[in-house]
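To start, the structure itself, in structure tokens.
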2 protein chains.
Amino acid sequence: MLNAERGKEPGMNNRSKGSKVSRISEAEWEVLSVLWSKAPRTANEVVEALADLTDWKPNTIKTLLTRLVKKNVVGFREEKRVYSYFPLVGREECLRAENRFFLERVYGGALKPMLVSFLKDETLTAEEIEELKRLLDRRD
Amino acid sequence: MLNAERGKEPGMNNRSKGSKVSRISEAEWEVLSVLWSKAPRTANEVVEALADLTDWKPNTIKTLLTRLVKKNVVGFREEKRVYSYFPLVGREECLRAENRFFLERVYGGALKPMLVSFLKDETLTAEEIEELKRLLDRRD
DNA sequence: TGCCTGAAACTACAAGTGTAGTCGGAAAAC
DNA sequence: GTTTTCCGACTACACTTGTAGTTTCAGGCA
């Protein structure tokens with residue numbers, strides 16, 4: 001049990017101004033997701049969890065875990081010569097960061113056009129629509 | 001299955017499942033955006049349009065234009081030894097692709113949680129909220 | 001006619017990513 | 001106590017991306 005010095009500089013890109021979190025790549029996100037859903041997990045448990053979703057070789061997944069550790073978004077504990085990994089950053093926090101980044105990059109930060117765009121393209125059930133309207137109401 | 005090699009052509013990455021459109025990088029997106037806002041434009045006109053938004057050197061922007069051409073998302077016409085560039089793909093189409101990709105990657109394709117997440121984090125004016133509710137109504 | 005200029009083409013290069021393979025050493029099995 | 005087996009550590013390598021610099025060549029200018 002060690003590691004996890006938040007607030008480092010190298011490996012942090014321009015976009016993360018203010019935020020302390022390095023960018024997480026697509027493949028890394030996938031790995032991190034399984035840790036969010038349940039942690040701690042050993043590397044092999046992560047591999048197993050991803051077996052249905054990807055066809056990555058175990059080494060690939062271990063590399064990704066290592067990179068996540070290096071980015072300080074995942075920590076680990078050694079027990080009996082085997083590592084157990086766990087997230088160091090909350091899912092909510094990361095979602096927010098991804099949200100903002102996407103919104104900025106694709107819609108120049110304009111929320112409503114983005115929402116409109118999604119509402120036009122994707123499908124929702126009647127209940128979901130009701131729930132969203134309720135959510136919008138509560139925001140006034 | 002997230003990532004299988006699904007017949008990927010060179011210069012086309014995993015995300016372009018099925019679609020023929022290559023991934024557009026962040027910087028490329030910026031360039032493409034100015035072409036969406038007005039086209040055709042010469043390289044220098046694009047450079048000028050981006051001068052306020054970025055501090056990229058002209059060569060950088062020309063490289064990005066060239067890459068967009070190579071990815072078949074931008075075309076050009078030569079007139080009097082100068083190229084005029086224009087988009088070959090519609091903004092709407094690209095937005096849809098980005099939307100879907102983001103939704104899939106970050107929210108596993110679940111639209112409502114994504115919307116909820118945005119609504120929780122970001123701010124909207126009263127009118128925007130009204131407009132969104134109207135949009136939700138029209139969707140039944 | 002030869003030179004300068006400006007545009008496109010070509011080259012560069014480090015960091016990050018996807019995607020593993022190989023090495024070295026401890027622990028388990030004989 | 002050797003051998004085998006795992007596991008993490010280290011190495012690999014091509015492709016993409018950000019971010020330009022350098023070369024070349026046609027056309028205009030002197």
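Note: hydrogens, waters and symmetry copies are ignored here, and every other heavy atom, side chains too, is used. Order of the sequence lines fixes the chain letters, A, B, ..., with proteins taken first and strands second; residue numbering starts at 1 for each chain.
Remark: A/K57 is not in phosphate contact with C/dT19, judged by side-chain N or O atoms under 4.0 Å from OP1 or OP2. Between A/N59 and C/dT19, a side-chain N or O to OP1/OP2 separation shorter than 4.0 Å is absent. A/S25 has a side-chain polar atom (N or O) that falls below the 4.0 Å cut-off from OP1 or OP2 of C/dG18. When the side-chain nitrogen and oxygen atoms of A/K71 are compared with OP1 and OP2 of C/dT17, one or more of them lie within a distance under 4.0 Å. For D/dG28, the OP1/OP2 oxygens have no side-chain nitrogen or oxygen of B/K80 closer than 4.0 Å.
The one candidate from B/T66, B/I24, B/L68 that meets the side-chain contact (heavy atoms from CB on, under 4.5 Å) condition with B/V74 is B/L68.
If you check C/dT22, C/dT19, D/dT19 against the side chain of B/L64, the one that comes closest is D/dT19. Out of C/dA8, D/dG8, C/dG18, the shortest distance to the side chain of A/A27 is found at C/dG18. The A/W56 side chain lies nearest to C/dT19 when the options are C/dT19, D/dT19, D/dA9. The nucleotide whose nearest atom lies closest to any side-chain atom of B/T63 is, among C/dA20, C/dA9, D/dT19, D/dT19. Of all nucleotides listed (D/dT19, D/dG27, D/dA9), D/dT19 comes nearest to the side chain of B/T60.
In this structure, A/R105 forms no cation-pi arrangement with B/F102, as its terminal cationic atom is not both closer than 6.0 Å to the ring centre and no more than 45° off the ring axis.
A salt bridge does not link A/E48 to A/R41: none of the charged side-chain nitrogens sits closer than 4.0 Å to a carboxylate oxygen. A salt bridge is absent between B/E93 and B/R91; no separation between the charged side-chain nitrogens and carboxylate oxygens falls under 4.0 Å.
In this structure, CG of A/L65 is placed 13 Å from C1' of D/dC7, rounded to the nearest angstrom. The distance between atom CD of B/E79 and atom C1' of D/dG27, rounded to the nearest whole Å, is 17 Å.
Checking A/E28 against A/R81, the closest nucleotide of DNA chain C that is more toward the 5' end is the one next to A/E28. The residue among B/A43 and B/R67 whose nearest nucleotide of DNA chain C lies closer to the 5′ end is B/A43.
When only modelled atom types and interatomic distance are considered, B/Y83 and B/N44 share no side-chain donor-acceptor pair under 3.5 Å.
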